[in-house]
Amino acid sequence: MAKCFSATIWLLVCVVPCVFGWGFGPSKLYSCPSTAKVCSMKEVTLESPEAIEQARFQDIHDPLFIDSGRIPNFSAELLKKLPTISDLTLGELSIAKLYVRANFRQLSAVNNEIAELLLDDSSDATFSMRILQLSHNKLTALPSLDRFVELRTLELDHNLLTTLDMAAFAKLAKLGELSLAHNRLLTVTSLSSVPVRLDHLKRLSFAGNQLVILDVRTWEMESLAELNVSRNSLNRFEGNLAQFQSLTKLELAGNRLYCDWFVVEPLLVNPPHTLSVDADKPDRCEAEKLMRQKDLCCNPVSNEGFGLLDVFDVKWDQLRRLTEQIAMLNASIASGSASVKPQLEQQHLALSTRLDAFVRKQEGQSEELQSLEKRVNQQKDDLSELETGLFEKVNELRADLNSKWNGTDETPLDGKSSYTSSVSTNWTLVAAQHENTLTSLRERLETTTKQFNVYTTKSYEQRASLKAQLERIDGLERKFERSLEQCWELQKRMDKVGPTIEKVYGFLNELRERSTEDI
Ligand SMILES: *[C@@H]1O[C@H](CO)[C@@H](O)[C@H](O)[C@H]1NC(C)=O
Ligand SMILES: *[C@@H]1O[C@H](CO)[C@@H](O)[C@H](O)[C@H]1NC(C)=O
Ligand SMILES: *[C@@H]1O[C@H](CO)[C@@H](O)[C@H](O)[C@H]1NC(C)=O
Ligand SMILES: *[C@@H]1O[C@H](CO)[C@@H](O)[C@H](O)[C@H]1NC(C)=O
Ligand SMILES: *[C@@H]1O[C@H](CO)[C@@H](O)[C@H](O)[C@H]1NC(C)=O
């Protein structure tokens, strides 16, 4: 009994951890002491939907700080397991996709790989978010921010944004700080019809982008105190900076602002004593062949008054034409590739038809060649038959002749056998008869010789014609090879054309996608 009981204990000791430890191996329990002010967790690695499904959280409370681990897909499913959290700070967790719940008040996910933000769309409710920090990520576009009506701070430094429309912030009436430094901004657009009204905005940074011109004419930012546009390629501002009456800190270093602009910008002509303006590095102006305007370098290029000078002058026309061309392309693709595709197909068809024609011609030529060869062979046979016949005939003649010669002693050629038996032979008659026979034999020999000569001549002629025909066959064969080569050449060209067509398709499609994206 005791033995049995202890065996059961052993079984339990062994089996229970085996089943619950290994069977639910990846399932981990995450928790933080309820006494801690900040709920902090380390090594949270959830790399698949299954891992997220199996993860368990206990005693989690605001503010939550996930310090380390790996969560590439920070999904809605994961957040369902953290229903009470509204203040979330995420460390370096290799996050690529981040779900943003409407009840968040504070969200920080700096130094990740976020390329996509998914916004809670379970209802049309506005978001509670006050602080959103997403610097050092991989955002190339912003989702609509219209529902972030409570947002105070938006930090998007070191992302991959290339264009920005100030209208994106139109609904963020409480926004106090907006930073888009070190993106790849080429343009910041502001619709002339709708003012960009951000009454509470205090700090604004576009530093470290590639802006050439900044249009501030429609900006209504009565609280703006710090404007940082340093390290762009700015030539000038459209509108003037004096409109920002609360401005205390202006950072312009590292641009290529026209010297003429400095002279007409009221804020810089008559700087209020509360305003501090930054300075370029002391050796920059000389190094970059710029002039000096107080502590900043300026670009002397425009002497005619920057207001009249359009740096893009000629380029605008080119741009417009390019845009028109793209629109035309887009239109032709959009209309079901109606004009492009059939054209390409037509070309393809034409090429295939030519190829087919070549093949058919080639087949025809080989047939012709075959029949020609047959004819030549036939003639060869005929010729050799003729020769054989000729030789037989000559031999026959020779035999005939021989026998006749042999027979002269006994048999007269005219067949009068009675003669031989006659006792009194008239030798004169015999001699005369022999003379006749000889003459006739000579004549026949002559005829035979002539005939032989005719045959020989004819045979030579046949040989010559045979040779000519052989040459013709050779010529045809060469022609045949050439057309074969042409055929291959065509095939090769066809093969090359294929990928090009595909590339063109790809390019056109890309263009279309881009142009639809832009809109
Ligand atoms: C992220 O997770 C959601 C929910 O589990 C899933 O639908 C989606 O396919 C995942 N995306 C990727 C890229 O893993
Ligand atoms: C302005 O931007 C530059 C470049 O990023 C940075 O070095 C500087 O500290 C910024 N100024 C302020 C006041 O943040
Ligand atoms: C491109 O085509 C689409 C679909 O027809 C159209 O909606 C869009 O306005 C076009 N874009 C441009 C730039 O023409
Ligand atoms: C003719 O005579 C020669 C020599 O006597 C002999 O070799 C030859 O076979 C004879 N020819 C015939 C056809 O009888
Ligand atoms: C032999 O024949 C010739 C011509 O037929 C004739 O002139 C001659 O008299 C004949 N001689 C004899 C001996 O019969």
Side-chain angles (χ1 to χ4, degrees), residues 26-27 44-57 66 69-83 90 93-101 109-122 133-140 143 153-161 164 175-185 188 201-211 214 221 223-234 237 241 244 246-257 274-282 284 295-297:
S27 136
V44 182
T45 293
L46 301 168
E47 289 180 299
S48 66
E50 292 75 35
I52 287 174
E53 205 186 309
Q54 286 165 7
R56 289 179 299 145
F57 296 88
I66 301 179
R70 201 178 138 78
I71 312 177
N73 188 356
F74 207 101
S75 61
E77 279 68 22
L78 174 53
L79 281 166
K80 275 190 192 136
K81 305 201 163 192
L82 306 167
L90 303 170
L93 301 172
S94 309
I95 301 168
K97 253 188 185 175
L98 177 59
Y99 186 80
V100 179
R101 197 161 57 194
V110 176
N111 272 318
N112 279 282
E113 287 153 28
I114 300 167
E116 196 178 349
L117 282 180
L118 297 169
L119 301 189
D120 190 344
D121 55 4
S122 54
Q133 293 165 314
L134 296 172
S135 293
H136 290 277
N137 276 292
K138 293 187 174 164
L139 290 170
T140 54
T153 300
L154 179 56
E155 290 175 15
L156 296 167
D157 297 348
H158 293 277
N159 274 281
L160 305 172
L161 300 168
L164 184 74
L175 195 64
E177 190 173 334
L178 174 59
S179 187
L180 287 143
H182 302 284
N183 274 270
R184 295 177 181 173
L185 291 174
V188 170
L201 192 65
K202 286 204 168 61
R203 294 186 61 214
L204 175 60
S205 176
F206 288 126
N209 281 286
Q210 293 153 36
L211 300 174
L214 190 58
M221 303 173 182
S223 310
L224 190 66
E226 293 181 17
L227 177 61
N228 192 345
V229 289
S230 62
R231 295 169 64 189
N232 276 275
S233 307
L234 284 172
F237 288 84
L241 299 178
F244 304 120
S246 310
L247 208 58
T248 55
K249 193 161 195 169
L250 178 60
E251 283 171 272
L252 297 173
N255 281 293
R256 299 184 66 80
L257 288 156
T274 48
L275 179 72
S276 82
V277 182
D278 64 341
D280 267 307
K281 284 187 194 132
R284 182 190 172 216
D295 291 333
L296 290 163
C297 303

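Note that the structure is predicted; figures quoted are calculated from it, not measured. Every number for a ligand or one of its atoms is a count from 1 in the order of the listing.
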**OP:** Please check if the side chain of N209 supplies one atom and the backbone of L185 the other of a donor-acceptor pair under 3.5 Å.
**Re:** yes
**OP:** Could you grab the distance from atom CZ of R256 to atom CG of N232, nearest 0.5 Å is fine?
**Re:** 13.0 Å
Original post:
Please state which protein non-hydrogen atom is closest to atom 3 (C) of ligand 2 and give its distance, to 0.1 Å?
Top reply: S230 OG, 3.5 Å
Original post:
Less than 4.0 Å between atom 7 (O) of ligand 2 and some protein heavy atom, yes or no?
Top reply: no
Original post:
Can you check whether L79's main-chain N or O pairs, donor with acceptor, with R101's side chain at less than 3.5 Å?
Top reply: yes
**OP:** Look only at interatomic distance and state if E251 has a nitrogen or oxygen under 3.5 Å from any nitrogen or oxygen of ligand 2.
**Re:** yes
Original post:
Does ligand 2 have an atom under 4.0 Å from some heavy atom of A181?
Top reply: no
**OP:** Within a distance under 4.0 Å of any heavy atom of H182, pick out the atoms of ligand 2 and give their elements.
**Re:** 4 (C), 5 (O)
Subject >> Atom indices of ligand 1 within 4.0 angstrom of K97 heavy atoms, with elements >> reply: 11 (N), 13 (C)
Subject >> Ligand-residue contact atoms, ligand 2 with N228, heavy atoms, under 4.0 Å >> reply: 1 (C), 2 (O), 3 (C), 8 (C), 10 (C), 11 (N), 12 (C), 14 (O)
Original post:
What is the closest protein heavy atom to atom 4 (C) of ligand 1, and at what distance does it sit?
Top reply: E77 OE1, 3.0 Å
Subject >> Distance-only side-chain donor-acceptor flag, D120 / S122, under 3.5 Å >> reply: yes
Original post:
So, are E47 and R70 salt-bridged, with charged N and O less than 4.0 Å apart?
Top reply: yes
Original post:
Can you list the steps and then say if V229 with L211 is a side-chain contact (heavy atoms from CB on, under 4.5 Å)?
Top reply: CA-CA 9 Å; V229 289; L211 300 174; 5.6 Å; no
Original post:
Taking K202 for the side chain and L175 for the main chain, is one N or O donor matched with an acceptor at less than 3.5 Å?
Top reply: no
**OP:** Quick one: look up the protein heavy atom nearest atom 9 (O) of ligand 1 and list residue, atom name and how far away it is.
**Re:** N73 ND2, 4.6 Å
**OP:** Give the atoms of ligand 2, by number and element, whose distance to some non-hydrogen atom of A207 is under 4.0 Å.
**Re:** 2 (O), 4 (C), 5 (O)
